[in-house]
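Down below is the structure, laid out as structure tokens.
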Amino acid sequence: MRFELFIAARYLRAKRRQAVIGVITLISVLGVAAGVASLIIALAITNGMRRDLQERLLGSTAHVELMRVAGDGIRQWQPLLERLKATPHVTAAAPGLYGQVLISRGARSGGGLIKGIVPSDERKVSDLLQAIKKGSAASLEPVSCADPCRPDTLAIPPIVIGKDLAESIGASVGDTVLVTSPQGELTPLGLVPRYQRYTVSGIFASGFYQYDSSYAFLRLTDAQRLFSEPDLISVISFKVDDLYHADRIGKEIERSAGPGFQATNWMEQNRELFRALKLEQIVTFIVLALIVCVAALNILIALTMMVMEKTKDIAVMMSFGVTAAQVRRVFLLQGLLISLIGTSVGLIVGYGASWFGGHYRFPLDAAVYSIDYLPFAPKITDALIVAAVSLGVSLIATLYPSSSAAKVLPAEALRYE
Amino acid sequence: MTEAPIMQAVGLTKLYPAVAGRSAGDLTLFRDLDLTIQPGEMVAIVGESGAGKSSLLHLLAALDRPTSGDVHFGDIRLSQLNTRQASEFRNRSVGYVWQFHYLLPEFTAQENVAMPLLARGERRGQAMEKAAKWLNEVGLGGRLDNRSGELSGGEQQRVSLARALVTEPKLLLADEPTGDLDGKTSEAVFTLLQTLHRTHRLTSVLVTHNLEFAARCDRMLRLRDGRLEPEV
Ligand SMILES: Nc1ncnc2c1ncn2[C@@H]1O[C@H](COP(=O)(O)OP(=O)(O)OP(=O)(O)O)[C@@H](O)[C@H]1O
Ligand SMILES: [Mg+2]
């Protein structure tokens, strides 16, 4: 093998009699490098996207949520909550009451999803309240009201809303917004929607558009009042100690909650998102792998031309005892060397660019991409896969030229003309 | 000479089948050709252009296969060799020189000469050492690091001679080794060949158009109409 490497390396370095071959060789090296670099960068971005989305999702959503199958809400929830908190692997649990509403300020309005919460519990299952950028969530703490609390005698209750929602209705901290619930009240005039004023006490920005554009938090009691459902919650959210077994732990919670309950986990809830990301990654990989294939085609051309140029030299080598197998390996090695150089350059450029991209964040439009900067998360396994693909494809490209080199007949090639 | 022959061609036939659409019939270069070469001989083969001299030499070097017949080299029958064994035969038992030097242009003179040794897996240092020794012997001790493009025609042919002999083969086959050289250089290269033949106790078969050189060999054979005839 040392002999073959000696010849192949020299052939690669030597000045060509035909300059075209040198140019094509250079193009193949650059082609492989470009393909590998773009693969690495693209995979780093899709990985980063998935990692960041997952991080944010996990920060914002509970790992497991327990609801009634019938959707009729959970009554007498405190003992249930206490009991379920003791389930193995559950680290925290929080009650919540969801409801679709219209949030408006003056003439501007937007759809929102109200979540009535108990902040001290909620903080343990979700990071949204930690993501307050303006104002605070302190006002969401439950008020102790010994007297029968009559809402109209109290100050206007607080609400915490997402940044994009706040922008779309033009609300900032201290403003009053009107929340209209479609779950109306039956009055002598028929079913009329309920509405209630709230003071914006905080605005959160999770960086996750789905939340920032629609979520609004109320005190649990205020939400219950808004939806006319005293002492009812719609969901219990859980944090667990093992993310990737959320499904199994969810089943456990479901079982101990008893019949009529259903648990969903973060993986189920975002299955479509992750599937789409995976698909996007595969498609990106295939598209960019085509660059590598084109580069491999260049290798094929360069080597084929080189074999044609070297036919006499090959014949001479065979005449002094170089075997056909050795000749084949010379050109195989040469293709691999081209590919190896291109792949190495590509890996260096790709990782360099990924590092650079991660270091100097590129802003993104959050409404389109869900996150507001371009994340890079290069993985070592990607490098291995990309290098293997690149070398493998190049190896295939060398098969034809190297076997045609091995088929040279010395007596024919050296016939003096 | 009572010794066993070093090489013996027996009933050698070479014909090129007619190419469809071209010329009539097969081209028979020679039929039932016999040739016996004794160890230490220097044999010259002469003949018209196209007589089949080069083709004959190819068969003796296992670079090509005869249509029928066989070539014996000691115990070896060339027809029995597979391609791998034929490669090994060429590497170990024969040295071959052409009309053209066929040096590999990317390599220095020394590397070119070392090549047959490197090909058989010899260590680089050792191969280069032997190559230097042989280049010295052909009078090019000072041109080790020159590439073929930097050498004159005579020097190139000397390097190719060194490359043919570096493996210390028993048999040297040379196909018009001076054919590309001018008179003076031809003379020098042929003299070198004779010297090497003698000092290394080679057996040499040499195709040439130069009857003067041929006359200086031990024996001269003429290839004519597919037969080898002794020439006086
Ligand atoms: N592969 C082939 N197919 C058909 N004919 C061939 C082939 N190879 C050689 N020939 C023919 O065989 C004949 C002998 O060729 P060869 O090269 O052996 O002659 P030569 O005696 O060496 O001639 P010269 O003195 O010109 O070198 C030529 O007529 C050549 O055209
Ligand atoms: Mg000839």
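- In this structure the side chain of A/Lys312 never reaches within 4.5 angstrom of the side chain of B/Phe100, judged on heavy atoms.
- Between the CG atom of B/Asn112 and the CZ atom of A/Phe320 there is a distance of 7.5 Å, given to the nearest 0.5 Å.
- For the pair A/Ser319 and B/Trp98, the minimum side-chain heavy-atom distance is below 4.5 Å.
- The environment of NZ in A/Lys407 is sparse: at most 12 heavy-atom neighbours from other residues, nucleotides or ligands sit within 6.0 Å.
- Between the CD1 atom of A/Ile7 and the CZ atom of B/Phe107 there is a distance of 4.0 Å, given to the nearest 0.5 Å.
- Taking CG from B/Leu104 and NZ from A/Lys310, the interatomic distance works out to 8.0 Å, rounded to the nearest 0.5 Å.
- Counted within 6.0 Å of CD on B/Gln85, heavy atoms from surrounding residues, nucleotides or ligands total more than 12; the atom is thus considered enclosed.
- By the 6.0 Å contact criterion, CZ on A/Arg50 is enclosed, its count of non-hydrogen atoms from other residues, nucleotides or ligands being greater than 12.
- Options B/Arg84, B/Arg163, B/Glu88, B/Arg120 differ in how many heavy-atom pairs under 4.5 Å they form with chain A, and the most are formed by B/Arg163.
- B/Phe89 does not touch chain A: none of its heavy atoms, backbone or side chain, sits under 4.5 Å away.
- Interatomic distance, CZ of B/Arg124 versus CZ of A/Arg2, reported as 9.0 Å (0.5 Å rounding).
- Shown here is B/Tyr16, whose OH atom has more than 12 heavy atoms of other residues, nucleotides or ligands within 6.0 Å.
- The structure places CG of B/Leu103 at 9.5 Å from CG of A/Asp313, a figure rounded to the nearest 0.5 Å.
- Neither the backbone nor the side chain of B/Arg92 comes within contact range of chain A; no heavy atoms are under 4.5 Å apart.
- Heavy atoms from other residues, nucleotides or ligands lying under 6.0 Å from CD of B/Glu129 number 12 at most.
- If you measure heavy-atom distances from B/Arg65 to chain A, you find no contacts under 4.5 Å at all.
- A/Leu409 places none of its side-chain heavy atoms less than 4.5 Å from the side chain of B/His58.
- Annotation: side chain of A/Phe6 is in contact with side chain of B/Glu111 (closest heavy-atom distance under 4.5 Å).
- Counting heavy atoms from C-beta outward, B/Ser55 and A/Arg415 have side chains that approach closer than 4.5 Å.
- We find the CD-CG distance between A/Glu4 and B/Leu118 to be 11.0 Å, quoted to the nearest 0.5 Å.
- Closest of all the heavy-atom pairs between A/Gly321 and B/Asn91 is CA-CB, 3.7 Å.
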